[in-house]
Protein chains: 2
Amino acid sequence: MSFIGFLFFIFAFVKEMIFSKTVEYAIRAMIFIAQKSKKGIKVGIKEIAKATDAPEYFIGKILQDLSRKGLVQSLKGPTGGFYLEEESSNCSLADIVKAIDGNKLFTGCGLGLKSCSEIKPCPIHNEFKKVREDIYNMLEDARIGEFSKKLEKKLTFLRRK
Amino acid sequence: MSFIGFLFFIFAFVKEMIFSKTVEYAIRAMIFIAQKSKKGIKVGIKEIAKATDAPEYFIGKILQDLSRKGLVQSLKGPTGGFYLEEESSNCSLADIVKAIDGNKLFTGCGLGLKSCSEIKPCPIHNEFKKVREDIYNMLEDARIGEFSKKLEKKLTFLRRK
DNA sequence: CCAATAAAAGACATAAAAGTCTTTTATTGG
DNA sequence: CCAATAAAAGACTTTTATGTCTTTTATTGG
Ligand code: FES
Ligand code: FES
């Protein structure tokens, strides 16, 4: 295979993840904001973008949306930025996914039938349903505020160099 | 909320599934072809599109691709169509996903870090890894040929009216 | 009040996914 | 051989996701 062909081969494998880019950036940003908020610090978009390795303007749009929906708080002007009130830092990753992409991930049919149905199930319904519920539980159990300690200790990361 | 607002509310919930449309159509089509192949019948694109409620030209493209990759067999001309050789009907859903979208779904980081890593894990690495493995096992255990009986008995469905 | 700051809002641009159509090639039965 | 058939190939369009830039609005400290 030629070198160019090899590159195509590699890029062919850069697709299809569970979450959209928007959701990925949103979760990383929210976890970062939560960490700073615990110290009473508000953070600006530039800092968030750097810390989470996300496109600056894009993460701005996403947070603007989450802000309208009340999942994150913000303040304009000098000393302004994004932060989380006590209640918001208890929000789950599932809440973020729902706010951005709705319930489809948690209720939709794995093979794309118009809806998931117990009565007229698709061939993988039972197995898929279980996985879907596992995903939901994982995201519902994960609260935005709970990641700070491990991040501080550098046991987990929001970006990779 | 206005009626228009309500419509937007509804449409906001039509996004973000685990599989791409391409993968969904591919799996439905492959299961259908397998069912017919057991009876020694080759099926054309029009019939596949109808039976699986997929866009005709699009499923054509998808099967063309899978055919090049050897996951499905085809024959041109009258009495031609798509069919599965014995070996192909033992192929797993994981094989189909891999052929179309690569390994990202099975190996990628849930929060979109450049790669998933045990050494520098993202905050949800452990939980996500488990879910990811469950998805892989579900798809690897499901063989294309094994769905025919339930489809015949109308216990499962490839389309919903 | 004012200048600086930072998010909100809205318009715009690009890339990728999804879907369609037309032409070509292979196969078949007569 | 020939006409009909059906997939392969390739070009194309549309839609959605992703990403960028510019202008407006709110807030602050001096
Ligand atoms: S019907 Fe397909 S997952 Fe339930
Ligand atoms: S590092 Fe994110 S899932 Fe492994």
Side-chain angles (χ1 to χ4, degrees), chain A residues 8 11-26 28-29 33 36 41-50 52-84 100-102 104-105 112, chain B residues 8 11-26 28-29 33 36 41-50 52-84 100-102 104-105 112:
Chain A
F8 275 109
F11 282 116
F13 282 69
V14 182
K15 281 198 296 182
E16 178 89 26
M17 280 299 302
I18 294 205
F19 305 122
S20 61
K21 282 287 154 200
T22 306
V23 163
E24 287 177 357
Y25 295 149
R28 303 213 300 260
I33 295 167
K36 294 297 179 183
I41 302 170
K42 297 194 198 73
V43 279
I45 286 178
K46 281 197 188 101
E47 193 182 345
I48 296 170
K50 269 181 200 165
T52 63
D53 192 27
E56 185 181 320
Y57 291 116
F58 195 35
I59 197 68
K61 279 291 162 202
I62 296 168
L63 288 175
Q64 193 179 316
D65 181 38
L66 291 179
S67 168
R68 267 193 300 265
K69 288 169 177 161
L71 276 74
V72 65
Q73 285 68 50
S74 69
L75 201 67
K76 292 180 182 179
T79 78
F82 292 90
Y83 63 100
L84 294 176
I100 295 172
D101 285 332
K104 192 108 184 284
L105 180 63
Chain B
F8 274 108
F11 282 116
F13 281 69
V14 183
K15 280 199 296 182
E16 179 88 27
M17 280 300 302
I18 294 205
F19 305 123
S20 62
K21 282 287 154 200
T22 306
V23 164
E24 288 176 357
Y25 295 148
R28 302 214 301 261
I33 296 167
K36 293 297 178 181
I41 303 171
K42 297 194 198 74
V43 277
I45 286 176
K46 282 198 187 99
E47 193 182 345
I48 296 170
K50 269 182 200 164
T52 63
D53 192 26
E56 184 180 320
Y57 291 116
F58 194 34
I59 198 67
K61 277 293 163 202
I62 297 167
L63 288 174
Q64 192 178 317
D65 181 39
L66 291 180
S67 167
R68 267 192 301 266
K69 288 170 179 161
L71 275 75
V72 65
Q73 285 68 50
S74 70
L75 201 66
K76 292 179 183 179
T79 78
F82 291 91
Y83 63 100
L84 293 177
I100 294 172
D101 285 333
K104 192 106 186 286
L105 180 62

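Please read these numbers as outputs of a predicted model, since none were measured by experiment. Each chain gets a letter, A, B and so on, in the order its sequence line appears, and its residues count up from 1.
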Exercise. Output the single nucleotide from dA7(C), dT20(D), dT18(D) whose closest atom is nearest the side chain of T22(A).
Key: dT18(D)
Quiz item: Closest to the S74(A) side chain: dA8(C), dA7(D), dT20(D)?
Solution: dA8(C)
Within the 4.0 Å heavy-atom criterion, would you say [X] contacts the bases, only the backbone, or no part of the nucleic acid?
X	value
V23(A)	nothing
V43(A)	sugar-phosphate
L63(B)	nothing

Quiz item: Would you say the side chain of K61(B) and the base of dA9(D) hold a donor-acceptor pair, judged only by whether the two atoms sit under 3.5 Å apart?
Solution: yes
Quiz item: Which dot-bracket string describes DNA chain C (Watson-Crick N1-N3 plus N6-O4 or O6-N4, or G-U N1-O2 and O6-N3, all under 3.5 Å; [ ] crossing; | other strand)?
Solution: ||||||||||||||||||||||||||||||
Quiz prompt | Pair K50(A) + E47(A), salt bridge at N-O below 4.0 Å | solution = no
Quiz item: Should K69(A) and D65(A) count as an ion pair when the cut-off is N to O under 4.0 Å?
Solution: yes
Self-check item: Spacing of E24(A) atom CD and D53(A) atom CG [to the nearest 0.5 Å]
Solution: 11.5 Å
How long is the line joining [atom1] of [X] and [atom2] of [N], in whole Å?
X	N	atom1	atom2	answer
D65(A)	dA7(C)	CG	P	16 Å
F82(A)	dA7(C)	CZ	P	5 Å
I48(A)	dA6(C)	CD1	P	12 Å

Exercise. Mark up nucleotides 24-30 of chain D, 5' to 3', with B wherever a protein heavy atom is under 4.0 angstrom from a base atom, S wherever such an atom reaches only the sugar-phosphate, and - elsewhere.
Key: -BBBB--
Quiz item: Do any side-chain nitrogens or oxygens of Y25(B) fall under 4.0 Å of OP1 or OP2 in dG19(C)?
Solution: yes
